Amino acid sequence: MQRSIVLATVIGSGLFAIAVFAQQAGPPVGAAEKLADNLYRIPGAGGNSAVLVHANGVLLVDTKVEKQGQALLDSIKKVTNKPITHIVNTHTHFDHTGSNVDFPASVEIVTQENTKANMERMDAFKTDAGKVGLPDKTFKDKMTLLSGKDSVDLYYFGAAHTNGDAFVVFRDAKIMHAGDAFAGKRQPLLDVGNGGSGVAIGETFAKASAGIKGVERVITGHSDMMVWQDFVDYGEFNRLFLSHARASLAAGKTPEQAMNEFKLPEKFKGYNLTPGRGGPGGNFTTIYAELKK
Ligand SMILES: [Zn+2]
């Protein structure tokens with residue numbers, strides 16, 4: 001009896017960890033949705049993927065949960081016969097990197113350098129086949145892939161959801177993939193185990209908002225398309241969390257009290273503040289722990 005309770009607890013916390021550190025897999029891989037002349041979004045089975053059809057092939061951003069390679073290819077084949085040449089992973093989580101291993105070694109995998117280090121610690125990439133699915137190329141702050149109207153600019157401005165969140169800008173389309181730094185209009189998941197930070201995220205967004213030019217629309221990690229101003233506002237949303245956390249901590253309030261008393265300006269009306277992830281204290285629990293360090 002006791003053993004089964006312990007086992008249930010272990011399984012329960014394991015499921016909790018999966019739920020916490022990967023957003024839901026959701027429905028299966030969807031059809032490629034056209035965003036611009038040569039750019040598509042593929043929802044489902046984990047995070048949103050982006051597909052850039054360039055002069056010599058296809059650049060794919062994020063590969064969803066595991067075993068979705070064929071479904072992704074099927075979806076891509078409906079819009080182009082060109083081969084996959086590049087994969088960019090916005091960050092380490094398995095709902096964005098899970099099917100990297102399904103693609104041939106000739107595909108160049110590119111991530112921010114901290115994401116490569118995070119991925120190297122994941123069991124999914126510790127295969128007998130060696131380094132299959134791990135990044136071939138990394139960048140620190142900025143790198144451009146391809147050229148001319150195909151140019152894809154990769155940026156890193158600091159910790160947010162993890163310590164390796166790349167912002168992927170499709171220059172010609174004026175569209176950016178923000179990964180799970182901006183998963184949707186809700187409390188961000190702060191994966192402290194992979195260097196995520198509720199203290200840094202607002203500042204990271206401020207730097208990205210100032211440093212990235214010409215973007216009009218944003219592909220979110222797990223939600224619908226947003227406009228650039230939504231991305232800018234999401235930084236403010238996170239800075240409001242941090243300032244309220246500082247004030248509440250100084251006033252001796254618990255994270256749960258901070259969450260209950262948190263009031264947002266009218267423009268954040270559509271945001272989902274349901275705690276859940278950090279328990280009743282929401283992200284205040286995480287931010288408090290960081291502030292107390
Ligand atoms: Zn994630």
Side-chain angles (χ1 to χ4, degrees), residues 13 16-23 46-47 61-63 65 87-98 100 109-126 131 133-143 154-168 176-184 186-209 211-212 220-222 231 234-235 237-239 241-242 245-246 249 255 276-279 281-293:
S13 57
F16 177 73
I18 289 167
V20 165
F21 292 125
Q23 319 255 355
V61 179
D62 284 356
T63 61
V65 297
I87 289 171
V88 176
N89 295 124
T90 56
H91 65 293
T92 191
H93 288 155
F94 78 76
D95 50 337
H96 299 259
T97 61
N100 279 16
I109 302 179
V110 186
T111 68
Q112 204 276 338
E113 62 185 20
N114 298 329
T115 287
K116 182 181 184 186
N118 293 335
M119 287 170 74
E120 283 170 343
R121 295 199 313 268
M122 291 167 70
D123 288 341
F125 300 110
K126 289 173 184 156
K131 290 163 76 85
L134 285 170
D136 302 294
K137 188 192 261 187
T138 62
F139 73 101
K140 187 178 170 63
D141 301 312
K142 193 187 172 198
M143 181 165 72
L154 309 180
Y155 295 91
Y156 177 72
F157 288 99
H161 172 65
T162 69
N163 63 357
D165 301 307
F167 297 119
V168 183
M176 177 173 87
H177 196 317
D180 282 355
F182 187 23
R186 54 188 185 240
Q187 293 190 62
L189 192 161
L190 304 168
D191 181 2
V192 175
N194 279 306
S197 169
V199 172
I201 187 170
E203 184 61 24
T204 297
F205 267 73
K207 287 178 187 162
S209 300
I212 298 172
T220 55
H222 288 263
F231 178 84
Y234 196 64
F237 173 78
N238 283 290
R239 290 189 294 278
F241 257 86
L242 178 59
R246 286 192 201 280
L249 184 62
R277 284 185 189 126
N283 277 355
F284 291 109
T285 305
T286 314
I287 299 170
Y288 266 41
E290 282 187 76
L291 290 174
K292 284 176 181 172
K293 265 187 205 155

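Because the structure is predicted, anything quoted here is derived from the model rather than measured.
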Would you please test T97 and M122 for side-chain contact (heavy atoms from CB on, under 4.5 Å) and show each step? CA-CA 10 Å; T97 61; M122 291 167 70; 3.9 Å; yes
Just by distance, do the side chain of [X] and the backbone of [Y] share a donor-acceptor pair under 3.5 Å?
{"X": "Y288", "Y": "L249", "value": "yes"}
{"X": "D165", "Y": "T162", "value": "yes"}
{"X": "Q187", "Y": "N283", "value": "yes"}
{"X": "N100", "Y": "G133", "value": "yes"}
{"X": "Q112", "Y": "K140", "value": "yes"}
{"X": "H161", "Y": "L189", "value": "yes"}
{"X": "E290", "Y": "G198", "value": "yes"}
{"X": "Y234", "Y": "A183", "value": "no"}

Side chains of L242 and E203: does their closest heavy-atom pair fall under 4.5 Å? no
Would you give the length of the straight line joining atom [atom1] of [X] to atom [atom2] of [Y], rounded to the nearest 0.5 angstrom?
{"X": "T138", "Y": "I109", "atom1": "OG1", "atom2": "CD1", "value": "13.0 Å"}
{"X": "K116", "Y": "D136", "atom1": "NZ", "atom2": "CG", "value": "8.0 Å"}
{"X": "H96", "Y": "H222", "atom1": "NE2", "atom2": "NE2", "value": "3.0 Å"}
{"X": "M176", "Y": "T220", "atom1": "CE", "atom2": "OG1", "value": "10.5 Å"}
{"X": "R186", "Y": "F237", "atom1": "CZ", "atom2": "CZ", "value": "10.5 Å"}
{"X": "F167", "Y": "F205", "atom1": "CZ", "atom2": "CZ", "value": "4.5 Å"}

From the options N114, D180, T115, N194, select the one residue that forms a side chain to side chain donor-acceptor pair (under 3.5 Å) with H91. D180
For the side chain to side chain donor-acceptor pair (under 3.5 Å) test, which of D191, T92, N163 pairs with N118? N163
Any idea which heavy atoms bring G202 and R239 closest together, and the distance? O-NH1, 2.9 Å
Return the minimal non-hydrogen interatomic distance between A160 and L190, and the atom names on each side. O-CD2, 3.9 Å
The residue among V61, T111, V110 that forms side chain to side chain contact (heavy atoms under 4.5 Å, CB included) with N89 is T111
Parallel, tilted or perpendicular, as decided by the 30° and 60° cut-offs, for the rings of Y155 and F157: parallel
Assess the residue pair I201 and F241 against the criterion (side-chain contact (heavy atoms from CB on, under 4.5 Å)); give the C-alpha distance rounded to whole Å, side-chain angles, the decisive distance to 0.1 Å, and a yes or no. CA-CA 10 Å; I201 187 170; F241 257 86; over 6 Å; no
